[in-house]
Amino acid sequence: MRARAIALLAAAGASVAAFAADLAIPKIAYSERTLANGLQVITIEDHTSPTVAVQVWYHVGSKDDPQGRSGFAHLFEHLMFKSTKNMKAEQFDRLTEDVGGHNNASTADDFTNYFEAVPSNHLQRLLWAEAERMANLTVDEANFKSERAVVEEELRQRVLAQPYGRLFNAIPKDSYLVHPYKRPGIGSIEDLEAAKLQDVIDFHKTWYRPDYATLIVAGDFDPAELDKWVDQYFGALAKPANQPVPRVASVEPAWDKDRRYDEHGPNVPLPAVVLSWLAPPEKSADTAALAVAASLLSNGESSRLNQALVYRDQIAQSADFGSTSGADNSLLYAFAVLASGHKPEQAEKALLAVIADTATKPIPAAELDKVKTKLLTQALTKRQTAEGKAFAIGEAVLLNGDAAAANDALVRLQAVTAADVARVLKQYVLDAHRVTIVYTQEAKPEDAAAKKPAAKGAKP
């Protein structure tokens with residue numbers, strides 16, 4: 001109904017975002033408690049459909065990978081679907097897909113999350129299964145080698161085989177000075193091959209424990225029954241005694257100068273340029289304004305970078321502006337893949353010019369309205385399902401430290417003004433030091449040989 005009302009107002013020539021700004025956004029209603037063993041439990045009751053979403057968010061991500069062991073958090077994303085003391089390998093697929101549901105997992109810098117959605121009459125067995133793999137995962141040589149090979153193949157496909165895969169791996173590596181966000185979350189083949197089974201066992205014992213996990217259940221359930229099952233299956237799990245968790249202590253310092261890097265790949269069809277800046281953590285009050293700024297610059301065909309670099313000046317095949325999301329300092333980045341016949345410095349200059357115009361010239365009210373409404377619509381659309389509500393809460397907990405941030409984020413988004421956009425672009429981009437990365441085709445062996453000077457006395 002809201003979407004239809006917005007469409008009708010737009011057709012009538014009314015300001016869509018003026019309507020959206022006054023729209024009372026329904027909050028995600030949730031309950032929260034902590035078990036004696038430290039497990040955080042958040043429940044969202046929603047009887048819209050007879051389904052339920054179960055998610056376990058572990059407070060460990062790629063930033064927590066041991067030194068020289070990048071990819072460990074990602075490795076466990078795969079290992080958790082193998083066998084346990086009381087489940088066969090891939091039995092999670094049978095408990096979800098075979099009843100019409102689904103399951104998956106993902107690894108980020110700050111967390112690893114496991115999520116399923118099934119008909120609600122299967123809730124009890126999923127709670128048992130999640131508790132089972134938290135406590136009784138089989139970490140043996142066979143499972144370790146099998147999933148290490150899977151992760152290595154994923155790295156080959158997603159990074160090494162992709163024209164710009166190496167570039168996206170290089171952005172955090174070149175940008176961060178000291179923070180472990182600089183390590184590739186997907187891992188490296190060298191680090192994975194160097195790992196031993198005991199390294200993996202130690203990592204699991206350190207991080208996969210109830211006091212460093214958040215259980216989120218959303219959807220069609222009876223609260224009293226759910227609490228009983230959670231206490232039964234998760235409450236019995238012991239919190240490891242006298243085993244401190246090695247939390248990341250590194251703090252990224254303010255950048256005191258501009259830096260430039262040249263990166264190369266073996267299959268780069270066209271050069272690319274990336275500009276990056278240090279951004280505040282996700283919990284910052286400026287996050288909403290930065291999101292609106294990024295959307296003005298690159299969200300959709302009519303966005304400013306697309307119009308200027310791709311359509312008008314035709315110096316780029318594509319142009320983008322975005323940010324990473326981190327519990328610690330994030331990154332802002334501008335990105336362009338050049339069009340044929342153009343040089344990286346042209347794209348760099350054009351990216352900065354469009355950003356400067358956005359920060360220093362008046363932003364038309366209609367353009368700001370459209371962008372804010374689009375962001376609001378995208379967020380609300382995701383929250384139409386119980387699973388979407390659970391994701392919003394999970395990200396708020398892991399990145400902001402507070403479930404309430406999921407509701408606060410949309411309120412802040414509605415309040416963003418043109419002055420806010422100008423201020424954050426000036427503060428975090430125009431007046432800040434940046435990293436420039438130019439990505440080009442690496443020299444072929446025959447080209448490199450041709451450039452070498454002839455040896456003394458050699459015939460030409």
Side-chain angles (χ1 to χ4, degrees), residues 32-43 54-87 89 92 105-115 126-144 147-148 180 183 185 187 195-217 227-250 327-328 394 397-399 401-403:
E32 184 175 356
R33 66 188 179 112
T34 302
L35 303 189
N37 58 16
L39 179 70
Q40 182 183 28
V41 181
I42 299 176
T43 58
V54 177
Q55 302 182 358
V56 179
W57 297 63
Y58 289 91
H59 298 219
V60 55
S62 55
K63 74 176 182 184
D64 303 296
D65 287 341
Q67 190 63 37
R69 295 292 183 267
S70 65
F72 259 43
H74 181 209
L75 177 63
F76 266 93
E77 175 197 325
H78 292 259
L79 277 170
M80 286 286 277
F81 289 93
K82 303 302 286 184
S83 59
T84 72
K85 180 181 178 181
N86 297 298
M87 285 197 300
F92 236 88
S106 68
T107 307
D109 287 327
D110 297 288
F111 58 81
T112 311
N113 62 343
Y114 302 84
F115 46 93
L126 271 191
L127 293 171
W128 169 82
E130 282 290 10
E132 167 68 14
R133 64 177 176 177
M134 179 184 289
N136 297 315
L137 185 69
T138 303
V139 185
D140 58 17
E141 194 75 31
N143 284 348
F144 165 48
E147 296 315 294
R148 180 174 63 181
R183 295 185 304 215
K196 306 298 181 185
L197 177 61
Q198 191 59 49
D199 297 331
V200 183
I201 293 172
D202 292 344
F203 187 86
H204 183 259
K205 286 182 178 178
T206 299
W207 292 105
Y208 279 71
R209 45 195 276 182
D211 53 328
Y212 275 86
T214 298
L215 169 67
I216 303 175
V217 181
D227 285 346
K228 181 186 73 174
W229 291 335
V230 169
D231 291 340
Q232 178 182 353
Y233 299 123
F234 288 94
L237 304 185
K239 172 183 175 180
N242 302 319
Q243 189 174 331
V245 170
R247 301 303 305 182
V248 169
S250 299
D328 300 325
V397 170
L398 272 295
L399 298 180
D402 185 3

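Keep in mind it's a predicted model, so treat the numbers as computed, not measured. The chain is numbered in sequence order, starting from 1.
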Backbone N or O of N86 within a donor-acceptor pair of the E132 side chain at under 3.5 Å? yes
How far does CG of D202 sit from CZ of R69, to the nearest 0.5 angstrom? 11.0 Å
Distance from F72 atom CZ to D64 atom CG, nearest 0.5 Å? 13.0 Å
Is the closest side-chain heavy-atom distance between P240 and T206 below 4.5 Å? no
Would R133 pass as a cation-pi partner of F81, given that its NZ or CZ must be under 6.0 Å from the six-membered ring centre and within 45 degrees of the axis? yes
By the definition ring pair (Phe, Tyr, Trp, His ring centres under 6.0 Å), identify the one residue from Y114, F111, F76 that meets it with Y58. Y114
Heavy-atom pair of closest approach, residues F234 and E130: CZ-CB, 3.8 Å
Counting only heavy atoms not in E141 (residues, nucleotides, ligands), do more than 12 fall under 6.0 Å from its CD? yes
Do D211 and L35 have side chains that get closer than 4.5 Å, going by heavy atoms? no
Donor-acceptor check, side chain of N143 to backbone of T138, threshold 3.5 angstrom: yes or no? yes
Heavy-atom closest contact (A403 atom, E32 atom, distance): CB-OE1, 4.3 Å
For a 4.5 angstrom cut-off between non-hydrogen side-chain atoms, does V41 reach V217? no
Between M134 and A213, the two heavy atoms sitting closest are CE-CB, 3.9 Å
Side chains of T112 and W207 in contact at under 4.5 Å (non-hydrogen atoms): no
Would you call L137 and Y208 a side-chain contact if the rule is heavy atoms closer than 4.5 Å? no
side-chain contact (heavy atoms from CB on, under 4.5 Å) between V139 and L197: does it pass, once the steps are laid out? CA-CA 8 Å; V139 185; L197 177 61; 4.2 Å; yes
Side chain of D110, backbone of A327: donor and acceptor closer than 3.5 Å? yes
Can you measure from OG1 (T84) to CG (L79) and round to the nearest 0.5 angstrom? 13.0 Å
Close side-chain approach of R247 and Y212, heavy atoms under 4.5 Å: yes
How long is the gap from CZ on R148 to NE2 on H78, to the nearest 0.5 Å? 14.0 Å
Please find the pair of heavy atoms, one from A129 and one from F92, that lie closest to each other, and give the distance. CB-CE1, 3.6 Å
To the nearest 0.5 angstrom, please state how far the CG atom of L39 sits from the OG1 atom of T34. 8.0 Å
Under the 3.5 angstrom rule, does the side chain of D65 hit a backbone N or O of A73 as a donor-acceptor pair? yes
Do F203 and V60 have side chains that approach each other closer than 4.5 Å (heavy atoms only, starting at C-beta)? yes
Between the CZ atom in F144 and the NE2 atom in H204, the distance rounded to the nearest 0.5 Å is 14.5 Å
For the pair S62 and H74, evaluate side-chain hydrogen bond (donor to acceptor under 3.5 Å, both in side chains) and give the outcome as yes or no after the intermediate values. CA-CA 7 Å; S62 55; H74 181 209; over 6 Å; no
Heavy-atom pair of closest approach, residues L237 and A131: CD1-O, 4.0 Å
